[in-house]
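Working notes, structure below.
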Amino acid sequence: MKNKIMGFFSDLGRSLMMPIAALAACGIVLGLSSALMKPQVQEVLPFLAASVLYLLSQL
């Protein structure tokens with residue numbers, strides 16, 4: 001009985017690791033893309049204002 005309960009919680013913990021890891025990666029990408037869209041950054045790095053790169057950063 002104890003092994004079944006421990007097995008259940010072990011599986012539950014493993015299943016929750018992926019969404020938490022994905023949230024961290026999404027947060028990093030969101031922060032970078034919002035930083036690259038700022039006008040101050042685009043003044044310093046004008047190639048970021050190109051239509052294709054700007055579209056990708058908005059997505």
Listed pairs under 3.5 Å, donor-acceptor, residues 13-30 side chains, sequence neighbours left out:
unit_1: Arg14; atom_1: NH1; unit_2: Asp11; atom_2: OD1; d: 3.2
unit_1: Arg14; atom_1: NH2; unit_2: Ser10; atom_2: OG; d: 2.8
unit_1: Ser15; atom_1: OG; unit_2: Asp11; atom_2: O; d: 3.4
unit_1: Ser15; atom_1: OG; unit_2: Leu12; atom_2: O; d: 2.8

*With sequence neighbours excluded, give me every salt bridge (charged side-chain N to carboxylate O under 4.0 Å, His left out) pair touching residues 21-45.*
none
*asked:* Give me each pair satisfying salt bridge (charged side-chain N to carboxylate O under 4.0 Å, His left out) with a member in residues 16-33, each pair once, sequence neighbours excluded.
replied: none
